[in-house]
Amino acid sequence: MTESHHPSSPEIAARAQALRREIDEHNYRYHVLDAPTIPDAQYDRLLRELEAIEAAHPEWVTDDSPTRRVGARPVGGFATVRHELPMLSLANAFSDGEVHEFVRRIGERLAAADAASLTFSVEPKFDGLAVSLRYEQGQFVRGATRGDGESGEDVTANLRTIRAIPMRLRGDDVPDVLEVRGEVYMPRAAFESYNERARASGGKIKPMVNPRNGAAGSLRQLDPAITAQRPLAFYAYAVGVVAFAPGAGALPPAHSQLLAQLRQWGFPVSPLVAVARGGDGCLDYFRRIGAQRDQLPFDIDGVVYKLDDLGLQRELGFVGRTPRWAIAHKFPAQEQTTVVEDIVVNIGRSGAATPTARLAPVFVGGVTVSNATLHNADQVARLDVRIGDTVIVRRAGDVIPEVVAVVREQRPQAATPWVMPAHCPVCGAHIEREQGEVVARCIGGLSCAAQRVQAIFHFASRRAMDIDGLGEKIIEGLSDFGHVRSVADLYRLTLDDLLEMKRLADERKPAAAEAGSTTPEPAKGGKVATRWAENLIESIARSRRTTLARLLYSLGIAHVGESTAKALANWFGQLDLLRHAPWPILKAVPDVGDEVARAIDHFFAEAGNQRVLDALLAGGIVITDAHPPSPALAAALTVDNTLAAMAIARITPRRAAQIGEGCGSLAMAFAIDADVLRARGVPDDAIAALHAVAEHAPGRALIARCDAAIDAIVASAPASAGASAPLDGKTFVLTGTLAALSREAATAELEALGAKVAGSVSKKTDAVIAGDAAGSKLDKARALGIAIWDETQLLQLLSEHGRA
DNA sequence: ATACCTCGAGTTCG
DNA sequence: CTCGAGGTAT
């Protein structure tokens with residue numbers, strides 16, 4: 001429209017009509033062909049132009065205009081619609097055998113010579129909401145939910161808001177009446193972003209439990225304006241009533257062709273539909289779709305096989321409301337409902353009290369689940385899970401089951417909110433929760449049997465001391481019968497100790513053995529038990545030779561995991577230097593800050609822990625990789641002893657420089673009078689900080705200990721670094737499965753060359769080494785433009801430097 | 001102070 | 001794997 005020329009009414013009306021056609025066309029290209037030809041912004045411009053015209057000329061608005069997708073809000077509930085042809089329900093198959101049986105039955109009834117050659121139209125079974133859409137003379141007139149199959153709810157206004165549903169059929173040969181059946185669903189991405197916003201809203205918007213509930217809830221909104229904001233989509237998969245004008249046309253003879261026809265009429269049909277031959281073809285399809293399931297942009301709960309020939313379908317007919325010619329082959333459910341029988345508290349090695357839901361066993365995602373963690377009290381409160389509640393349990397792409405939501409309608413009257421118990425169920429000590437922390441902890445420490453067992457279990461674990469065959473049950477036995485109180489006791493165990501423990505443990509639970517347990521437990525005191533005990537003793541003996549990093553990690557010091565243990569071992573080199581280092585010294589190690597340094601200091605300050613360490617050494621532990629402390633550590637510490645003083649007085653580097661300028665060194669600063677310092681230009685707050693330490697006896701003692709520790713470290717450190725490691729400062733990330741090396745071996749090789757192997761990709765990563773079936777890390781590397789190597793390149797790098 | 005980036009700890013079933 | 005929280009760079 002130009003500014004000078006005022007278009008006549010007929011011109012504008014024509015423009016409006018053209019816009020409607022164009023917008024419909026773009027909807028079709030986007031939703032049905034999945035091949036948009038204009039950017040979203042341009043689409044929006046067209047829509048706005050049409051809206052403007054219609055606002056100026058309401059008399060031209062047509063019922064099927066794309067602007068009319070959001071209609072008026074219905075009063076009260078939804079009207080009930082009776083389906084002229086009932087909407088079917090399908091029989092289910094859960095195994096290959098049931099599918100073969102289904103095909104065999106059809107072959108038999110049709111007296112087909114060769115059931116294996118029957119063809120089926122096969123398609124994914126969407127996890128959404130089935131609806132029926134009615135078109136008269138090509139216009140969308142009504143849509144209803146499936147309901148009970150006989151009648152559903154009239155959700156026409158809401159269905160209009162779904163762009164994937166055409167308001168008008170395309171083409172000329174359209175039937176007088178057409179009912180299309182299909183599934184309204186919510187794409188996963190839309191579900192995720194909706195929940196993202198819900199979380200960001202801080203509770204104002206309630207997150208959806210899953211895409212299916214999201215779709216169902218959205219479609220049942222009384223206000224179509226709300227539905228319009230929910231990103232719903234639609235796939236057509238069948239027809240109901242179809243009536244052509246006399247002589248005007250007919251449906252094709254096969255279901256697969258019917259789907260093609262629906263696509264031509266303007267309906268989205270899943271691109272995954274296919275044709276399969278015989279039971280084996282169907283099962284091939286099932287596996288192919290199953291393999292893609294996690295990658296699909298929408299949820300499916302199985303696949304559907306329909307005998308392709310519509311004539312044969314008619315011949316077979318129905319049993320009740322389910323057709324003989326179709327079956328749904330379901331994947332193992334990823335979500336199930338079950339009942340929370342109890343909520344118990346588990347105590348971890350750090351005393352963390354973790355609530356766990358004891359569930360009535362339920363088959364989810366291929367395994368029977370009877371436990372699910374609830375993480376912490378906050379999570380329990382968020383979900384408001386109570387004993388006796390019916391809950392939805394999921395086992396998503398991950399392995400670990402989780403409680404997704406509570407089904408409020410099925411809550412027993414008597415159920416009360418769950419609260420974290422005040423006392424440890426194992427040792428009776430208080431359970432306390434630090435201000436601002438999420439986890440509650442049993443404060444019993446090692447006097448709590450649970451924490452003792454967990455501590456020993458951790459000590460023996462593969463990445464720690466690697467004692468093969470020392471499992472939780474055995475440790476419990478050894479602990480209960482007094483053979484092992486601390487990890488050091490493991491190295492004093494005798495064959496007799498183990499055999500006696502086994503005997504006592506077996507006596508304690510004879511009932512279980514008599515209850516017809518299938519595992520024969522004979523020869524308890526005999527050869528088998530002896531052999532077991534010998535193996536365990538041998539495993540323990542083997543573990544004596546270890547590395548400093550492993551030993552440190554084994555101790556279970558708070559905040560000291562594998563990585564920190566390695567850093568400490570590399571920098572200090574020797575246990576003796578480390579076990580007496582005050583925390584300001586520990587802070588010199590990269591990635592060790594106040595919190596971690598204090599935790600280590602605190603651990604070694606416990607006389608009991610030092611005794612255990614001595615006992616371990618007395619028990620024959622040998623550190624095979626002891627070496628002098630790193631020159632870098634010595635260098636960091638000798639900068640005028642400033643490090644320790646800075647840490648204690650919380651003096652920042654900038655301030656330390658100011659003080660240093662004023663009096664030569666920080667150490668000197670402690671000896672100089674406040675007035676003199678002030679006269680030399682040292683700021684008052686710096687002086688106050690120095691004094692706080694100097695006048696505080698523990699502070700002075702700490703500085704003295706730091707001095708001693710620094711002397712010891714400097715004395716034993718080599719003068720300077722030799723040739724630096726070839727890959728010093730490089731960071732790698734491993735992903736996927738490597739063929740020649742295990743992931744652990746590859747890590748060890750790279751670290752031997754001085755490289756760091758990180759767990760996740762960031763912009764600091766130098767290269768990502770991708771093995772087979774690499775996952776999200778690879779995508780992230782691509783997004784960040786990080787070098788991606790294959791295994792060959794890794795092996796080449798290693799051999800260049802004389803490894804592997 | 002703030003915004004990453006890492007690390008640690010807990011977790012289920014066969 | 002996922003969350004929480006510690007460490008460090010900005």
Side-chain angles (χ1 to χ4, degrees), chain A residues 199 294 332 334 336 338 344-359 361-379 382 393-404 433-442 450-451 453-455 457-459 461 463-464 471-472 518-519 549 552-568 583 586-600 603 647 652-654 731-733 735 747 756-766 775-777 780 784 786:
Chain A
R199 277 193 294 274
D294 290 339
Q334 285 187 332
Q336 282 290 354
T338 186
V344 299
V345 167
N346 279 312
I347 305 297
R349 85 179 142 94
S350 64
T354 310
T356 305
R358 283 276 137 79
L359 306 169
V362 62
F363 196 70
V364 190
V367 299
T368 304
V369 169
S370 47
N371 293 303
T373 178
L374 296 167
H375 299 296
N376 53 57
D378 285 357
Q379 173 78 353
R382 249 195 312 278
V393 177
R394 176 194 299 164
R395 199 164 168 274
D398 195 9
V399 194
I400 315 272
E402 72 177 321
V403 173
V404 183
R433 181 171 165 184
E434 295 280 326
Q435 188 82 79
E437 292 247 312
V438 175
V439 293
R441 290 175 199 280
C442 158
Q451 290 182 59
V453 168
Q454 290 298 314
F457 185 63
H458 169 73
F459 180 87
S461 68
R463 312 184 79 97
E472 210 167 328
T518 49
T519 48
L552 283 174
Y553 175 57
S554 307
L555 297 175
I557 303 168
H559 299 123
V560 178
E562 245 186 321
S563 172
T564 309
K566 271 183 194 160
L568 289 168
W583 66 263
L586 294 164
K587 267 190 67 167
V589 177
D591 297 336
V592 174
D594 267 19
E595 200 69 27
V596 178
R598 288 197 146 93
I600 301 167
F603 178 89
T652 61
R654 172 192 294 271
T731 301
F732 296 88
V733 173
T735 181
T747 305
K756 239 183 90 166
V757 178
S760 57
V761 181
S762 74
K763 56 191 170 198
K764 290 182 194 164
T765 309
D766 290 290
S776 62
K777 289 183 202 171
K780 187 157 182 204
L784 291 174
I786 305 240

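No experiment lies behind these values; they were computed from the predicted model shown. Chain letters run A, B, ... following the sequence lines, proteins first and then strands; every chain starts at 1.
With A:Asp766 contributing its side chain and A:Thr731 its backbone, the two residues share a donor-acceptor pair below 3.5 Å. Of the possible polar contacts, none joining the A:His559 side chain to the A:Val592 backbone as a donor-acceptor pair under 3.5 Å is found. Looking only at distances, a side-chain donor or acceptor of A:Gln451 sits under 3.5 Å from a matching main-chain atom of A:Cys442.
Counting non-hydrogen atoms under 4.0 angstrom, A:Val439 reaches nothing in the nucleic acid.
Going from atom CD1 of A:Ile600 over to atom OG1 of A:Thr564 covers 7.5 Å, rounded to the nearest 0.5 Å.
Annotation: side chain of A:Arg349 is not in contact with side chain of A:Phe457 (no heavy-atom distance under 4.5 Å). Looking at heavy atoms from C-beta onward, A:Arg358 lies in side-chain contact with A:Val344 at the 4.5 angstrom threshold.
Rounded to whole angstrom, the span from the CG atom of A:Leu374 across to the P atom of C:dC3 amounts to 15 Å. At whole-Å resolution of the value, CD in A:Glu402 and P in C:dT2 are 10 Å apart. Note: CG (A:Leu586) to P (C:dG6) measures 17 Å, nearest angstrom. Between the NE2 atom of A:His375 and the C1' atom of C:dG4 there is a distance of 12 Å, given to the nearest Å. If you measure from atom CG of A:Asp594 to atom C1' of C:dG6, you get 10 Å, rounded to the nearest angstrom. Whole-Å rounding puts the A:His559 NE2 to C:dA5 P distance at 10 Å.
Both A:Ala352 and A:Ser370 lie near DNA chain B, and the one whose nearest nucleotide falls closer to the 5' end is A:Ala352. Sequence order on DNA chain B of the closest nucleotides to A:Thr373 and A:Arg349 puts A:Arg349 first from the 5' end.
Chain A approaches DNA chain B within less than 4.0 angstrom (heavy atoms of the protein), and the contacting nucleotides run 5' to 3' from B:dC5 to B:dG14.
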